[in-house]
Amino acid sequence: MPELPDVAAFRDVLATCAGRRRIRSVEVLDAGVLHGVSAEGLRSALEGHAFATPRRHGKWLLAPLQGDAPILLLHFGMTGELVCCNPADTPTPHDRVTFTVGHDRQVRYRDQRKLQGIWLTDDADNALAGQGPDALEISRTAFDAALADRRGSIKSALLNQAVLAGLGNLLADEILWRAHLHPARKASSLTSTERDRLYRRMGSTLRSAVRSGRVPPRTSWLTGHRDTDAARCPRCGTRLHLTRVAGRGTAWCPRCQPP
DNA sequence: GCATATGTTATGAA
DNA sequence: TTTCATAACATATG
């Protein structure tokens, strides 16, 4: 599930559910999601503190605490999510860590596959040093610079978090489809006009998806068709092609996105 | 059993 | 040096 819009929604979950409330208890149900910190280490670092305003960079959620305390870093891999519960709600099999705040709220880190997880750091800047500019924040100039020296496909550049942070497989296909660009085009082959179109489509697609809290599976979006049988382009009705680009399943319209 | 899945990363090859 | 495909991670589904 989680790409930039999903993580933006998780940030809102954390801010709304736990914002500025004291953390009464931290329960680690599965230490397999913890990285570089033990269950006891996480508990002692967080309990008694209150969450400050959370923020997002790319697919990372940064959850600082009020006062002089470490910062919680969360990544959701392919199946993670953050949900706001009542402490009395029945746990699901994939609840991995719970943060009980106040007396009636509990934020749960839930994740089926445990591909990523939770970190604790004193230096968020350093922890995210390998990340490129956020896809929602990047300027047109910086976007050009990020793509300028890429020798691979445009899709692999968009997916590379060191180049641009926040896009995943669904968003990359959606944006390329809207920009009328074939995913296997060399990034360096794009004209200035094409880069401009791509930048604008990326912005509008992301803003729309953030409003929806996810990449919406609407029928007017490519994403709403890619997993259906005999998928057709929602714009022109041509049968979509499903191939492999940059190692990922890729949906594209041969008529709207010629090579 | 096989292939697929919205993510990241180490590895060896090109 | 860069980039690619691949496998690995852990789990579910078709």
Side-chain angles (χ1 to χ4, degrees), chain A residues 1-11 29-36 56-61 73-83 92-97 109-119 127-132 134-136 145-177 183-190 202 205-206 208-210 212-218 221-231 240-252:
Chain A
M1 187 198 331
E3 302 182 70
L4 184 156
D6 308 273
V7 181
F10 301 152
R11 178 192 55 189
L29 308 174
D30 185 339
V33 299
L34 301 184
H35 298 268
R56 178 195 61 73
H57 185 94
K59 299 171 190 172
W60 285 93
L61 179 59
L73 295 176
L74 303 100
H75 196 293
F76 300 91
M78 288 175 80
T79 52
E81 59 183 328
L82 212 55
V83 289
T92 76
H94 302 123
D95 286 344
R96 309 298 184 183
V97 180
Y109 179 85
R110 183 176 290 171
D111 187 21
Q112 176 190 112
R113 286 171 64 178
K114 300 189 286 183
L115 290 174
Q116 296 293 323
I118 294 175
W119 288 252
L128 299 187
Q131 296 281 298
D134 186 82
L136 206 48
L147 296 185
D149 50 2
R150 292 278 111 198
R151 287 191 286 175
S153 69
I154 183 61
K155 175 158 176 174
S156 72
L158 294 180
L159 286 176
N160 188 335
Q161 304 298 300
V163 172
L164 188 65
L167 305 186
N169 198 38
L170 294 187
L171 273 172
D173 283 1
E174 187 72 44
I175 292 163
L176 288 166
W177 173 72
R185 283 272 302 276
K186 295 281 178 201
S188 58
S189 77
L190 268 56
M202 178 174 78
T205 305
L206 283 173
S208 177
V210 167
S212 297
R214 59 187 294 199
V215 183
R218 280 186 210 128
W221 289 48
L222 180 73
T223 304
H225 295 264
R226 58 180 302 151
D227 294 325
T228 63
D229 287 337
L240 294 178
H241 281 205
L242 302 169
T243 59
R244 200 156 276 274
V245 178
R248 312 294 305 275
T250 301
W252 52 283

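In the text below, chain A, chain B and the rest are named by the order of the sequence lines, each starting its count at 1.
Taking R11(A) as the reference, nothing meets the salt bridge (Lys or Arg N to Asp or Glu O under 4.0 Å) condition, with sequence neighbours excluded. Applying the ring-ring contact (aromatic ring centres under 6.0 Å, His included) test to W60(A) and every residue at least two apart in sequence or in another chain returns H75(A), W119(A). Looking at residues two or more places apart in sequence or on another chain, you find a salt bridge (Lys or Arg N to Asp or Glu O under 4.0 Å) between R185(A) and E194(A). Evaluation of the salt bridge (Lys or Arg N to Asp or Glu O under 4.0 Å) rule for D30(A) yields R96(A), K114(A) as partners, not counting sequence neighbours. By the ring-ring contact (aromatic ring centres under 6.0 Å, His included) test, F76(A) is found to be paired with F10(A), Y109(A), residues two or more places apart in sequence or in another chain being considered. Residues passing the salt bridge (Lys or Arg N to Asp or Glu O under 4.0 Å) test with D95(A), sequence neighbours excluded: R108(A), R110(A). W252(A) is linked by a ring-ring contact (aromatic ring centres under 6.0 Å, His included) to H182(A), H241(A), counting only residues two or more places apart in sequence or in another chain.
A distance of 9.5 Å separates NE2 of H57(A) from CG of L4(A), quoted to the nearest 0.5 Å. Atom CZ in R150(A) sits 11.0 Å away from atom CG in L164(A) (nearest 0.5 Å).
The separation between L158(A) atom CG and dG7(B) atom C1' is 16 Å, rounded to whole Å. Rounded to whole angstrom, the span from the CZ atom of R214(A) across to the P atom of dG7(B) amounts to 14 Å. When rounded to the nearest whole Å, the span between CG of L170(A) and P of dG7(B) equals 7 Å. Residue H75(A) contributes atom NE2, which lies 6 Å from atom C1' of dG7(B) at whole-angstrom precision. With rounding to whole Å, F10(A) atom CZ is found 12 Å from dG7(B) atom P. Atoms CG (L115(A)) and P (dT6(B)) sit 12 Å apart, rounded to a whole Å. In this structure, the CZ atom of R151(A) is 16 Å from the P atom of dA14(B), given to the nearest Å.
One P atom belongs to dT6(C), the other to dA3(B), and the distance between them is 12 Å to the nearest Å. As rounded to the nearest Å, dA8(C) and dG1(B) have P atoms that lie 15 Å from one another. With both ends at atom P, the span from dT1(C) to dT8(B) equals 25 Å, rounded to whole Å.
Residue pairs meeting the salt bridge (charged side-chain N to carboxylate O under 4.0 Å, His left out) criterion with at least one partner in residues 154-173 of chain A, sequence neighbours excluded, are K155(A)-D173(A), D173(A)-R226(A).
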The test is side chain to side chain contact (heavy atoms under 4.5 Å, CB included); show your working for L167(A) and L206(A) and say whether it passes. CA-CA 9 Å; L167(A) 305 186; L206(A) 283 173; 4.0 Å; yes

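Using a 4.5 Å heavy-atom threshold, the side chains of P183(A) and R248(A) count as separate.
No engagement by T223(A) is indicated, since no non-hydrogen atom pair under 4.0 Å with the nucleic acid exists.
A 4.0 Å heavy-atom criterion places the boundary nucleotides of DNA chain C facing chain A at dT2(C) to dA12(C), written 5' to 3'.
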What protein N or O atoms touch nucleotides 9-11 of chain B N or O atoms at under 3.5 angstrom, if any, and at what distances?
none

Write out a two-atom table: protein N or O, nucleotide N or O from nucleotides 1-5 of chain B, distance below 3.5 Å.
residue	atom	partner	partner atom	Å
dA5(B)	OP2	R244(A)	NH2	3.2
dA5(B)	N3	R113(A)	NH1	3.2

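Using modelled atom types, one side-chain atom of T79(A) and one backbone atom of R113(A) make a donor-acceptor pair closer than 3.5 Å. Within the 3.5 Å criterion, the main-chain N or O of T205(A) finds no donor-acceptor partner in the side chain of S208(A).
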Base-pair map of DNA chain B as dot-bracket, where | denotes pairing with a different strand and pairs are Watson-Crick or G-U under 3.5 Å: .||||.||||||||

